[in-house]
Amino acid sequence: MSENLSVEAELGYRNFRFSKFKGLDISGPRVSGSIIGKFPVKGSISTLSLMGNGVFSARIWEVKPYLGAGLGRARHSGKFDKQTIEIGDESVEYPGASANKVVFAY
């Protein structure tokens, strides 16, 4: 490679677990409306990515700025856990759900 150009591979993983939403609109067979405040919902969202990056750098006086760009793929996963939620005197059972999607990343 050139003295000013380098390449790298990057593997990344991000995960976020949650236990409540703040403000939510819901609807179901027995309950519908808006909730103001905190709403208990458990689950997680994660992203696994693989990128190929190029970095160009140049020396300007005593400063060495750089510019980078990358392309790759990312897999996003989301999951809501099975749970029972009580709203007032009503009880709503949520069976849980999950979804995955692989997308172009840059």
**Student:** Taking ILVMFWY side chains as joined if any heavy atoms are under 4.5 angstrom apart, and letting links pass through other members, which residues group with Tyr66?
**Tutor:** Val55

**Student:** I need the minimum non-hydrogen distance between Gly70 and Asn53, along with the two atoms involved.
**Tutor:** CA-OD1, 3.1 Å

**Student:** Return the set of residues passing salt bridge (charged side-chain N to carboxylate O under 4.0 Å, His left out) with Arg17 (not counting sequence neighbours), or none when no residue passes.
**Tutor:** Asp81

**Student:** Under the rule for side chain to side chain contact (heavy atoms under 4.5 Å, CB included), what residues qualify as partners of Ile45, not counting sequence neighbours?
**Tutor:** Phe18

**Student:** Among all residues two or more places apart in sequence or in another chain, which pass the side chain to side chain contact (heavy atoms under 4.5 Å, CB included) test with Pro95?
**Tutor:** none

**Student:** Sequence neighbours left out, cut at 3.5 Å: what donor-acceptor pairs do the side chains of residues 58-65 make with other protein atoms?
**Tutor:**
none

**Student:** In Å and rounded to the nearest 0.5 Å, what is the CG to CG distance from Leu48 to Leu11?
**Tutor:** 6.0 Å

**Student:** If we only count heavy atoms from C-beta on, is the Ser46 to Tyr13 side-chain gap below 4.5 Å?
**Tutor:** yes

**Student:** Look up atom OG1 in Thr47 and atom CZ in Arg14, then write down how far apart they are to the nearest 0.5 Å.
**Tutor:** 7.0 Å

**Student:** For Leu67, what are the other residues in its hydrophobic cluster, where any two members join if their side-chain heavy atoms are less than 4.5 angstrom apart?
**Tutor:** none

**Student:** Using residues 97-106 as the side-chain source, report each donor-acceptor pair under 3.5 Å to any protein atom, sequence neighbours left out, with the distance given to one decimal.
**Tutor:**
unit_1 : atom_1 : unit_2 : atom_2 : d
Asn100 : OD1    : Arg75  : NH2    : 3.3
Asn100 : OD1    : Ser77  : OG     : 2.6

